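Below is one structure, written out as structure tokens, with a few remarks after it.
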Amino acid sequence: MEPCVVSCWTAPPGLASPAEPGAAFGSGYRGSLGCGFCVASACERSLRQWSPALGKMLSKYSKTAYFTARSRPLTLCPSASQPGWNTTKMTEYNIALVGFGGVNRALAQLIAERNQTWKKQLGFSLKIVGISDLFLGSIVAPQGLDAGLLSKLPATKGALAQLPGGQVEALNEQVIKDSGADIIAEATFTNPVDGEPASTFCRWALEQGKHVVTTNKGPIALHSAELKALAQRNLAAFEYEGAVMSGTPVIRMAKQSLAGSGLLGFEGILNGTSNFVLTRMEAGLGFAEAVAEAQALGYAEADPSADVEGFDVRLKVVILANELLDAQLTVSDVSCRGISGLTAKDLEQARAEGARWKLIGSAQRLADGSLQASVEPRLLPLAHPLAGIGGAINAVSFNTELLGAVTVSGPGAGRIETAFALLSDIIHIHQSRLAR
């Protein structure tokens with residue numbers, strides 16, 4: 001990504017403009033009178049030493065936001081509101097993909113198909129400069145990689161080594177730190193025990209001042225506070241909209257659209273696999289048959305316990321409660337019971353009574369201020385907003401003081417859907433940059 005262009009017709013008070021354009025910037029920076037304010041945060045100390053006057057005014061005039069550790073600014077330092085400043089923001093972000101399974105491969109596909117459209121409609125484009133994957137290997141290519149070719153890469157061991165400069169080994173740290181990426185898209189497997197190795201990948205990126213977008217529940221549920229603080233210290237963005245309901249917006253929507261509504265709690269169908277299994281059991285299948293069908297359709301893993309026993313939902317409850325209810329829950333704070341104990345007879349009886357069984361993850365603020373959180377099968381009346389959610393669809397119903405129940409539903413899984421969640425995080429980073 002190129003540095004931004006700053007044109008200054010009148011140097012700020014107390015600072016004489018360098019005689020030559022760009023003289024204050026050093027190599028790689030451009031400006032018509034080059035007053036030196038378009039600088040990365042990593043260079044701030046050097047600039048203060050170079051010019052005491054600049055150092056005094058840096059706080060007054062700068063709006064330092066997102067930068068990489070290589071001092072390649074992603075946003076303009078000076079306030080656009082300062083008289084005499086004309087700014088042009090560059091629009092290509094370098095992105096490295098950590099994990100190249102379904103989600104990041106789908107993101108590469110979207111980049112190949114829609115990059116030019118994004119440039120026109122969203123104001124930015126993406127260039128893939130690195131990939132690392134435990135099975136496929138790794139590659140670093142600062143000049144950029146062909147996204148269309150990558151999306152069709154064969155899923156064979158060490159396949160990235162077939163490309164010029166590719167390696168059989170997954171050189172995760174090199175790809176994160178040395179590819180020249182502005183944004184790291186982390187989409188490796190979820191480890192519900194300690195969040196590794198994804199949490200370490202996020203740390204490496206944030207320590208370098210690189211933005212992170214991830215759909216991985218582990219780092220968010222287990223290390224969110226630490227990673228947010230690390231991002232803030234290094235002026236980086238840490239976004240994870242897709243960690244709860246894939247491409248269906250829920251975290252940002254609740255924070256922004258329900259702000260001021262008096263959010264008291266939520267309850268949701270937060271796992272598409274378990275909901276699919278219950279829907280098929282309503283049709284007369286046994287539990288084992290319904291799980292086998294979910295596996296055949298790609299909804300369930302070979303070991304479906306994370307889905308059907310509620311462990312996946314428990315991580316999502318922790319994320320939502322901590323994000324939206326200002327809780328400080330850990331996984332052990334959420335009681336958890338799955339659907340494996342339900343039988344087809346249980347669902348048949350519920351139907352006769354005008355009700356449905358659903359696996360519900362919930363958290364509610366109690367009158368004494370404490371928070372109660374759980375994952376459990378619940379018998380819902382048909383009038384309940386979640387009772388009609390069938391198949392692999394997810395939904396969450398927010399309980400508010402001013403609006404009552406506000407329910408959001410949509411796909412909770414899928415390659416393209418989850419890749420869209422990464423895109424939505426990148427859009428948020430870009431829009432936040434423009435707003436500064």
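Just so it is clear, the structure is predicted and the values come from calculations on it, not from any experiment.
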Please tabulate, for side-chain N and O atoms in residues 401-419, each donor-acceptor pair with protein atoms closer than 3.5 Å (sequence neighbours left out).
{"residue": "Thr407", "atom": "OG1", "partner": "Ser397", "partner atom": "OG", "Å": "3.1"}
{"residue": "Thr418", "atom": "OG1", "partner": "Ser246", "partner atom": "OG", "Å": "2.7"}
{"residue": "Thr418", "atom": "OG1", "partner": "Gly414", "partner atom": "O", "Å": "2.7"}

Table please: side-chain donor-acceptor pairs of residues 110-119 below 3.5 Å, with sequence neighbours left out.
{"residue": "Glu113", "atom": "OE2", "partner": "Gln109", "partner atom": "NE2", "Å": "3.3"}
{"residue": "Asn115", "atom": "OD1", "partner": "Leu126", "partner atom": "N", "Å": "2.9"}
{"residue": "Asn115", "atom": "ND2", "partner": "Leu126", "partner atom": "O", "Å": "2.8"}

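Tested against Tyr240 for a side-chain contact (heavy atoms from CB on, under 4.5 Å), the candidates Val213, Thr214, Val212 yield a single pass: Thr214. Of the candidates Val175, Leu150, Val98, Val140, Leu150 is the only one forming a side-chain contact (heavy atoms from CB on, under 4.5 Å) with Ile131.
In this structure a side-chain-to-backbone donor-acceptor pair under 3.5 Å is present from Lys316 to Leu270. One N or O on the side chain of Arg365 and one on the backbone of Leu325 form a donor-acceptor pair closer than 3.5 Å. No donor-acceptor pair under 3.5 Å is formed between the side chain of Glu267 and the backbone N or O of Ala363. Between the Thr279 side chain and the Gly391 main chain, a donor and an acceptor come within less than 3.5 Å of each other. Between the side chain of Gln349 and the backbone N or O of Glu353 there is no donor-acceptor pair closer than 3.5 Å. Looking only at distances, no side-chain donor or acceptor of Asp333 sits under 3.5 Å from a matching main-chain atom of Ala373. With hydrogens and angles disregarded, no donor-acceptor distance shorter than 3.5 Å links the side chain of Asn399 to the backbone of Leu264. Of the possible polar contacts, one joining the Glu241 side chain to the Arg252 backbone as a donor-acceptor pair under 3.5 Å is found. Checking side-chain atoms of Gln167 against main-chain N and O of Gly137 turns up no donor-acceptor pair under 3.5 Å. Distance alone, capped at 3.5 Å, places no donor-acceptor pair between the Asp425 side chain and the Leu422 backbone.
Leu206 approaches Ala231 most closely through the heavy-atom pair CD2-CB, 3.8 Å. The shortest non-hydrogen separation linking Asn394 to Asn271 is ND2-C, 3.5 Å. For Ala254 against Phe398, the heavy-atom pair with the smallest separation is CB-CZ, 3.8 Å. Across Asn104 and Phe100, no two heavy atoms sit closer than the pair O-CE1, 3.7 Å. Ser374 approaches Ser335 most closely through the heavy-atom pair CB-OG, 3.2 Å. Taking both residues in full, the closest heavy atoms of Thr273 and Ala294 are given as CG2-CB, 4.4 Å, listed atom of the first, atom of the second, then distance.
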Practice prompt. Using the side chain to side chain contact (heavy atoms under 4.5 Å, CB included) rule, take Ile251 and Leu320 through it: C-alpha gap first, then chi angles, then the decisive distance, then the call.
Written response: CA-CA 7 Å; Ile251 298 175; Leu320 282 179; 4.1 Å; yes

Practice prompt. Go through the steps to decide whether Glu309 and Cys336 satisfy the test side chain to side chain contact (heavy atoms under 4.5 Å, CB included), and finish with yes or no.
Written response: CA-CA 8 Å; Glu309 298 302 342; Cys336 185; over 6 Å; no

Worksheet item: So Asn234 and Gln208, side chain to side chain contact (heavy atoms under 4.5 Å, CB included) or not? Walk me through it.
Response: CA-CA 7 Å; Asn234 291 283; Gln208 297 279 312; over 6 Å; no

Worksheet item: Given Arg105 and Leu136, is the side chain to side chain contact (heavy atoms under 4.5 Å, CB included) satisfied, shown in steps?
Response: CA-CA 12 Å; Arg105 187 183 288 258; Leu136 299 174; 3.7 Å; yes

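Atom CD1 in Ile139 sits 4.5 Å away from atom CG in Leu163 (nearest 0.5 Å). Of the inter-residue distances, the one linking Ser199 atom OG with Asn216 atom CG reads 7.5 Å to the nearest 0.5 angstrom. Note that OG of Ser432 and NE2 of His211 are 9.5 Å apart. Values are rounded to the nearest 0.5 Å. Between the CG atom in Asp312 and the OG1 atom in Thr190 there is a gap of 7.5 Å [rounded to 0.5 Å]. The line from CG of Leu342 to OG of Ser274 is 10.5 Å long, rounded to the nearest 0.5 Å. Of the inter-residue distances, the one linking Ile360 atom CD1 with Leu380 atom CG reads 5.0 Å to the nearest 0.5 angstrom.
For Gln372, the CD atom sits in a loose shell: 12 or fewer heavy atoms of surrounding residues, nucleotides or ligands are nearer than 6.0 Å. The number of heavy-atom neighbours closer than 6.0 Å to CD of Glu173, taken from other residues, nucleotides and ligands shown, is above 12.
Residues Phe238 and Ile220 form a side-chain contact, since some pair of their non-hydrogen atoms from C-beta on lies under 4.5 Å apart. Between Phe276 and Leu297 the shortest side-chain heavy-atom distance falls below 4.5 Å. With contacts defined as side-chain heavy-atom distances shorter than 4.5 Å, the pair His223/Cys202 does not qualify. No side-chain heavy atom of Phe311 sits less than 4.5 Å from a side-chain heavy atom of Val331. Using a 4.5 Å cut-off on side-chain heavy atoms (C-beta onward), Phe124 and Arg433 make no contact. Annotation: side chain of Phe201 is not in contact with side chain of Ile184 (no heavy-atom distance under 4.5 Å).
You'll find the ring centres of Tyr93 and His430 inside the 6.0 Å limit.
Salt bridge annotation for Glu226-Arg203: present, with a cationic side-chain nitrogen under 4.0 angstrom from a carboxylate oxygen. Looking at Lys228 and Glu323, a side-chain N of the basic residue comes within less than 4.0 Å of a carboxylate O on the acidic one, giving a salt bridge. Taking a cutoff of 4.0 Å between a charged side-chain nitrogen and a carboxylate oxygen, Lys177 and Glu207 do not qualify as a salt bridge.
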